[in-house]
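Per chain, numbering begins at 1; letters A, B, ... match sequence-line order. Both backbone and side-chain heavy atoms feed into the values below; hydrogens, waters and symmetry mates do not.
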Protein chains: 2
Amino acid sequence: MDTKEIAIKLSKKGLRVTPQRIAILSAIIKLDNHPTAENILEYINKEHPNISLGTVYKVLDSFIEANLLNKVKTESGKMRYDPLLTNHHHLYCGKTHRIVDYEDEKLDGLLLEYFNKKRIRNFKIQDIKLQITGTFKN
Amino acid sequence: MDTKEIAIKLSKKGLRVTPQRIAILSAIIKLDNHPTAENILEYINKEHPNISLGTVYKVLDSFIEANLLNKVKTESGKMRYDPLLTNHHHLYCGKTHRIVDYEDEKLDGLLLEYFNKKRIRNFKIQDIKLQITGTFKN
DNA sequence: ATAATTGCAAAAGCTTTGCATGGCC
DNA sequence: GGCCATGCAAAGCTTTTGCAATTAT
């Protein structure tokens, strides 16, 4: 995804287009690794040595506000950022702490069906996310 | 659960029995609310005004080490502590931030069966936890 | 006796905030 | 031009750490 496309994405969400925002959103998409704020800063500092960590956080917040990203909570308590907006789950690698998206419509259907039948007392479900922990084999 | 039972629980896990540890473990069980370290301190300070937050954290770590508790990661990044050791999932209330345990063997069976058939490429599953977000109705 | 635990205070992360400067629309 | 975003530094919060004093086994 090139600069122009990113700029359009920002505009469409009513966000001002700045070099910082373009760099940060590009980084998250390119890294494709659910990076932390720190990871993003490291990556963009190669090309934009002047962007500060504070700005990264502020930009990330504005992206979340605008529904361009979601936060992912981790074992360590550090937040990571996920640009995949469609419904999905996560695979957590216990060894490398890699987080990989897991999309599975059939599974979602199964869960939907299950919870349509078996209601939970006094609870209205909005969303179900699976945290699948394990290890990658290669 | 009274003091004696708690003391035995600690001993069995090879942990030294101290008033602090008894107070903290009792508090978590009585509160039954996946409390934070701060919540626990508030609760026990009524009876033990001298226990410090640092000690609470150290004791919680020793409990996790000994498999008496698990950590629960939350939206806000604060850790909460869960004394239920059998396999279970969590209901997250978006309004009150209440976390309630959800045990469902049938669901676990369904998931096991599903992932036995549909393997995930290059990934060995160790555990699956559902994060069910929504709201309580009452 | 001795090895582990506690309390206190300091420090360490990660994230947020304030405010003057600069840049986008 | 006006308002919003940025940079820098400071502050905030939760959690961890260090160490001397105390306590459990």
Side-chain angles (χ1 to χ4, degrees), chain A residues 3-4 6-25 27-28 34-42 44-45 47-66 68-81 97, chain B residues 3-4 6-25 27-28 34-42 44-45 47-66 68-81 97:
Chain A
T3 299
K4 189 152 282 175
I6 298 278
I8 291 167
K9 247 188 176 201
L10 294 172
S11 270
K12 273 191 184 159
K13 293 285 187 175
L15 295 172
R16 285 198 179 174
V17 178
T18 68
Q20 291 86 347
R21 287 181 172 172
I22 290 171
I24 291 168
L25 188 51
I28 296 169
H34 306 81
T36 62
E38 195 76 45
N39 295 153
I40 294 164
L41 186 69
E42 275 172 38
I44 63 180
N45 263 352
E47 303 239 338
H48 305 262
N50 47 322
I51 298 180
S52 69
L53 190 55
T55 297
V56 174
Y57 278 109
K58 283 175 192 164
V59 168
L60 290 170
D61 279 352
S62 72
F63 287 177
I64 286 160
E65 194 71 23
L68 278 169
L69 292 181
N70 287 304
K71 280 190 184 189
V72 181
K73 289 139 281 301
T74 64
E75 199 64 28
S76 67
K78 280 187 215 174
M79 289 297 173
R80 294 171 64 166
Y81 297 86
H97 303 114
Chain B
T3 299
K4 189 151 283 175
I6 298 278
I8 291 166
K9 249 191 176 200
L10 293 172
S11 268
K12 273 191 184 158
K13 294 286 187 174
L15 294 172
R16 286 195 177 178
V17 178
T18 68
Q20 293 84 348
R21 285 181 174 171
I22 290 171
I24 291 168
L25 189 50
I28 296 169
H34 306 81
T36 63
E38 194 76 44
N39 295 152
I40 295 163
L41 186 69
E42 275 172 38
I44 63 180
N45 263 352
E47 303 239 339
H48 305 263
N50 47 323
I51 298 180
S52 68
L53 190 55
T55 297
V56 173
Y57 278 108
K58 282 175 192 165
V59 167
L60 289 170
D61 279 352
S62 73
F63 287 177
I64 286 159
E65 194 71 23
L68 278 170
L69 293 181
N70 288 304
K71 280 191 183 186
V72 181
K73 291 136 280 303
T74 64
E75 200 63 29
S76 67
K78 282 187 213 174
M79 289 298 174
R80 294 171 65 167
Y81 297 86
H97 302 114

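- Distance NZ (B:K78) to P (D:dT15): 8 Å, rounded to an integer number of Å.
- The separation between B:H48 atom NE2 and C:dT6 atom P is 12 Å, rounded to whole Å.
- Picking from C:dC24, D:dT16, D:dC8 the nucleotide with the shortest atom distance to the side chain of A:P19 gives C:dC24.
- For C:dT5, the OP1/OP2 oxygens have a side-chain nitrogen or oxygen of B:R21 closer than 4.0 Å.
- Side chain of A:R80 to backbone of A:T74: no donor-acceptor contact under 3.5 angstrom is found.
- What separates CD of A:E65 from P of C:dT16 is a distance of 12 Å, to the nearest Å.
- Protein atom CG of B:L41 is 12 Å distant from nucleotide atom P of D:dT15, rounded to whole Å.
- Note: CG (A:N45) to P (D:dG7) measures 10 Å, nearest angstrom.
- Side-chain nitrogen and oxygen atoms of B:N50 include at least one within less than 4.0 Å of the OP1 or OP2 phosphate oxygen of C:dG7.
- As judged by a 4.0 angstrom heavy-atom cut-off over every strand, A:I51 is placed among residues touching the sugar-phosphate backbone only.
- Heavy-atom neighbours of A:E47 CD from other residues, nucleotides or ligands within 6.0 Å: at or below the threshold of 12.
- For a distance-only test at 3.5 Å, the side chain of A:K58 qualifies as a donor-acceptor partner of the base of C:dG18.
- The side chain of A:M79 lies closest to C:dT15 when the candidates are D:dA24, C:dT15, C:dT16.
- Between B:I22 and the choices B:I44, B:I6, B:V59, the side-chain contact (heavy atoms from CB on, under 4.5 Å) rule is met once, by B:I6.
- Heavy-atom distances to DNA chain D give each of B:L15 and B:G77 a nearest nucleotide, and the one nearer the 5′ end belongs to B:G77.
- When the side-chain nitrogen and oxygen atoms of A:Q20 are compared with OP1 and OP2 of D:dG7, one or more of them lie within a distance under 4.0 Å.
- For A:V59, the side-chain atoms get nearest to D:dT6 when compared with the rest of C:dC24, D:dT15, D:dT6.
- Closest to the A:V17 side chain, of the nucleotides D:dT6, C:dC25, C:dA4, is C:dC25.
- Atoms OH (B:Y57) and C1' (C:dA12) sit 13 Å apart, rounded to a whole Å.
- Atom CG of B:L60 is separated from atom C1' of D:dT16 by 13 Å (rounded to the nearest Å).
- Among D:dT23, C:dT16, C:dC24, the nucleotide with an atom closest to any side-chain atom of B:R16 is D:dT23.
- When each of A:K78, A:M79, A:H34 is paired with A:V72, the side-chain contact (heavy atoms from CB on, under 4.5 Å) condition holds for A:H34 and for no other.
- What you find for A:A37 and A:Y81 is that their closest heavy atoms are N-CE1, 4.1 Å.
- Proximity of A:T55 to the phosphate of D:dG7: a side-chain N or O atom is located under 4.0 Å from OP1 or OP2.
- In this structure, B:T18 and B:G54 both approach DNA chain C, and ranking their closest nucleotides by distance from the 5' end singles out B:T18.
- Taking a 6.0 Å sphere around CD of A:E42, one finds it holds more than 12 heavy atoms contributed by other residues, nucleotides or ligands.
- The distance from atom OH of B:Y81 to atom C1' of D:dT14 is 9 Å, rounded to the nearest whole Å.
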